[in-house]
Amino acid sequence: YGEGYEWDRCGKMSQSCERFFVMEACLYECEPAAGLYRKYDDSEKDTNVDFNAWQMDQMPIKKSFCNAWYDACYNDYFCGKGDYFECQEHYKKNKKAEEDALAAEKKVAEDALIEAETALATEKKAVDDAKIEAEKALKVSKEDGETNDSLTIGLAVAGAVAGIFIFVAIFLGFKESKGEAVFAPVKQAEIA
C-alpha cells in the first residue's frame, strides 16, 4: 500500500501476529472471492461520499479465526484500531507535524544565524571604529612627539576581548538554535 501503511510502525510485531496481517493483505489483494463481499459497487464511486473500494461487508468469518488473531496479537501494538487506512491517516498527521516542527526549528536556526551575523557585523564595526580612533590618537600623540605605549596595549587588549566576546556570542547562539543549551539547569539526579 505504500508509505504509512506498515503494520509494524509501533514496534517489532511478533511473528504469529504478523502472519495474520499478511493473510489479511493477501485476502484483499489476491482472493477473487473477496469481491463478492465488497460493501460498495464501482457504480457508487461518484454518488456515495462513503465510497471505499476496499471495504468489505457481511463476509463470514469464523469465531475461532478471530479468537486466534486476537490471541496472536494480544501483546503487540498497532496504531489506531487495526485498520490500515486509519493507521495511514495517523501517519500523515504525524509526518505533517514532524515536517512543521522541522520547518519551525530551521526558521529559528536561520533567525539566530542572522542575529549572530548582525551582532558580529555590529561588533566588527565597533572594533574598526575603535581602531581608527586609536590610530588617530596615536598619530596625534606622535605628532606631539610622545609615544603612548600604554594606549596601544590597552587598545589591543580591548580589541582581543571584543573578539572573544563576539566568538562566544556566536557559539552560544548556534548551540541554542540547535536546542543544545550550554547553560541548561542542573537536574536533581546529577547533583546526587
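The basis for the numbers below is simple: all heavy atoms, side chains too, and nothing from hydrogens, waters or symmetry mates.
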Study note, to complete from the structure: Here the pair of heavy atoms bringing C17 nearest to A72 is CB-O, 3.5 Å
Exercise for review: Search all heavy atoms of F51 against all heavy atoms of R38 and return the closest pair with its distance.
Suggested key: CZ-NH2, 4.4 Å
**Study point:** Shared-cluster residues of I114, by chain and number - hydrophobic side chains joined below 4.5 Å
**Key:** none
Review point. Quick one: side chain to side chain contact (heavy atoms under 4.5 Å, CB included) partners of D50, sequence neighbours excluded?
Key: Y40, N48
Check your understanding: Any side-chain heavy atom of E24 within less than 4.5 Å of one from Y28?
Key -> yes
**Study point:** Exam field: side chain E29 to backbone C26, donor-acceptor pair closer than 3.5 Å
**Key:** no
**Study point:** Cluster check L120, I164: I/L/V/M/F/W/Y, side chain < 4.5 angstrom
**Key:** no
Check your understanding: Is the Y74 to W69 ring centre distance short of 6.0 Å?
Key -> no
Practice item. Please report the C-alpha distance between K45 and D41 in whole Å, then the side-chain angles of each, then the deciding distance to 0.1 Å, and finally whether the salt bridge (Lys or Arg N to Asp or Glu O under 4.0 Å) criterion is met. Key: CA-CA 7 Å; K45 184 176 187 173; D41 189 280; over 6 Å; no
Check your understanding: If you measure from SG on C73 to CD on E18, what distance do you get to the nearest 0.5 Å?
Key -> 9.5 Å
Revision key, fill the gap. SG of C66 to CG of D71, rounded to nearest 0.5 Å, is 11.0 Å
Review point. For E115, does the CD atom sit with more than 12 other heavy atoms under 6.0 Å from it, leaving out its own atoms?
Key: no
Point to revise | Heavy-atom donor-acceptor pair, D76 side chain to S14 backbone, under 3.5 Å | key: yes
Review point. Any chain of hydrophobic side-chain contacts (each under 4.5 Å) joining V161 to V127?
Key: no
Exercise for review: Enter the distance from E105:CD to E110:CD here, rounded to the nearest 0.5 Å.
Suggested key: 12.0 Å
Practice item. Measure the CG-NZ distance between N52 and K39 for me, rounded to the nearest 0.5 Å. Key: 9.5 Å
Exercise for review: Would you mind listing every side-chain hydrogen bond (donor to acceptor under 3.5 Å, both in side chains) that reaches into residues 116-129, with sequence neighbours excluded?
Suggested key: K124-D128, K125-D129
Practice item. Run through the side-chain heavy atoms of Ile, Leu, Val, Met, Phe, Trp and Tyr, join any pair under 4.5 Å, and report what else lands in L113's cluster. Key: none
Revision key, fill the gap. Distance col, row C30:SG vs M23:CE, nearest 0.5 angstrom, shows 13.5 Å
**Study point:** F165: ring pair (Phe, Tyr, Trp, His ring centres under 6.0 Å) partners, not counting sequence neighbours
**Key:** none
Check your understanding: Are more than 12 heavy atoms from other residues, nucleotides or ligands located less than 6.0 Å from atom CG of D46?
Key -> no
Check your understanding: What residues form a side chain to side chain donor-acceptor pair (under 3.5 Å) with D111, not counting sequence neighbours?
Key -> K107
Practice item. Hey, could you give me the CD/CE distance between E31 and M56, rounded to the nearest 0.5 Å? Key: 8.5 Å
Exercise for review: Answer yes or no: are there more than 12 heavy-atom neighbours, outside E99 itself, under 6.0 Å from its atom CD?
Suggested key: yes
**Study point:** Nearest non-hydrogen partners of M59 and L27, listed with the distance
**Key:** CE-CD2, 3.7 Å
Practice item. Using the rule that two of Ile, Leu, Val, Met, Phe, Trp, Tyr join whenever any of their side-chain heavy atoms come within less than 4.5 Å, decide whether L36 and I61 are in one cluster. Key: yes
